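Worksheet for the structure shown next.
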Amino acid sequence: MSSFRASVDQMFTHAASLLDLPPGLEEKIRVCNSTYTVRFGVRLRGAIHTFVGYRSVHSEHHEPVKGGIRYAMNVDQDEVEALAALMTYKCALVELPFGGSKGGLRIDPRAWDEDELERITRRFTYELSRRSLISPSQNVPAPDMGTGEREMAWMADAYKRLHPEDIDARACVTGKPIGFGGIAGRIEATGRGVQYALREVFRTPPVLAQAGLDGTLDGKRIVVQGLGNVGFHAAEFLSSEDGARIIAVAERDGAVMNPAGLNIADLHAHMRETGGVRDFPGATFEPDADKALELDCDILIPAALEAVIHEGNAARIRAPMIVEAANGPITAEGDAILRQAGKVIVPDMYANAGGVTVSYFEWVKNLSHINFGRLERRQEEARHHLLVQELERLSDDHSLGWTLSEGFKQKYLRGADELELVRSGLDDTMRAAFQQMVTVVDGDPKVGNLRTAAYIVAIRRIAATYQALGL
Ligand code: NAD
């Protein structure tokens, strides 16, 4: 099986071969600029424990570079470099002014209590800061697997203590809690982006037709792997807002299934209480979680970890459409098998770009030191009020008998708050990027699929930046 990095390289090389890049530029874009490995000790439980951390910078054609930090036992240099490369391409695809980076700490976060994790995280931040691998202007981490807003708050605070003179210190990480420089809608952002991606797919009939699907998301049967941050929000929004049926959820301890659709909020609460999906009322339990990937369904959403669809199981995947909410869930070999079988794959670089998109909004908010909408909200409401008053006056003066419903008035008169603005910006980003990919697929029969198109859009943009820089 190709390593994750080999898979990313292979997919990149294939897309680059369809472009006419100047000599050497393909190599310059592909290679990872640097990877820093740090080993540091923290005294815990009466002994010194050594931890290994990484921060990889793939491309600095735009700065700061951006990318999550994951806490997991299988973190290694290869994985971090592959993820950093994906970040470069992802930011280019959704037009964010960032280069790509990624970090990781080899740790099982569940093996340590909160105080211990805080000490480890603060120490890791110190190591990163010493090498400018965390900084509002150079390198801005974010949450990933095993980390969340709690870790980001610790990192932001640790950075602030090291750089008390930096007025933009809070912009050194994104994904922070709202009360500590975060932005409304960041926690849900990646799952929300998956929902917006799927809505755009369903607004694009030729793509739907390729998967043999039609209609709307309403009633579509979806299987989700991983009910963490990304998987939970995607499943929750798609089921409660779009009427999709989540017929199975695969987790660490097994899979639960119900052809009528699982209640995702209840399942999530059950997971929080019991630590797993087993014994969820009203569902069938399957101890071999991976079997759920092979269920008959309309859409499969792997939202847990990489390389879960590979040459060993790709031929058994029955879903005609796979949305890569996780990073790298399909290996290069698995990808080839699925493509040959005519499956539509909505690639990770696009499907999970919601997180970094809203991180961008958070970073901009931190640098501007003002909440989105604070200046214009009341003014917008006043203008809407004027219009409603005028419509009602016209109706009265000319005895037209119009009345605006209270529901309409309430919705229309209210100016957008930060959450609505963030969702609107995210929706716009997801729609635009998808249509750019579709245009590339339509423009050249050699492209053939959305992943190659995503790489082509990204590579063209990065190449244009390098060329503008004179490289
Ligand atoms: P998370 O840690 O919140 O959730 C991961 C979930 O997967 C957990 O519930 C875990 O129990 C489950 N899981 C682990 N191993 C599993 C297995 N073998 N089978 C089934 N389930 C398993 O992580 P997350 O932040 O939701 O990230 C998930 C994926 O999405 C990762 O690939 C990450 O890189 C990617 N991603 C995350 C974000 C983000 O904003 N959090 C953004 C972009 C991409």
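Atoms within a ligand are numbered from 1 in the order they appear, just like the ligands themselves. Just the heavy atoms: all of them, side chains too, but no hydrogens, waters or symmetry mates, feed the values below. Please read these numbers as outputs of a predicted model, since none were measured by experiment. Index from 1, following the sequence.
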Is R431 positioned over the aromatic face of Y196, cation under 6.0 angstrom from the ring centre and no more than 45 degrees off axis?
no

Sole candidate of K343, R451, K90 that passes salt bridge (charged side-chain N to carboxylate O under 4.0 Å, His left out) when paired with E324
R451

Collect the protein residues that have a non-hydrogen atom under 4.0 Å from ligand 1 and hand them over in chain and number order.
R70, D144, M145, G146, R186, T190, Q225, G226, L227, G228, N229, V230, A250, E251, R252, A303, A304, L305, A325, A326, N327, N352

So, H14 versus Y455, ring centres under 6.0 angstrom or not?
no

If you look only at pairs with a residue in residues 93-112, which of them pass as a ring pair (Phe, Tyr, Trp, His ring centres under 6.0 Å), with sequence neighbours excluded?
H49-W112, F51-W112, F98-Y360, F98-W363

Aromatic plane relationship, F124 with Y71 - under 30° parallel, 30 to 60° tilted, over 60° perpendicular:
tilted

Which of these, H62, E63, H61, sits in a side chain to side chain donor-acceptor pair (under 3.5 Å) with S59?
H61

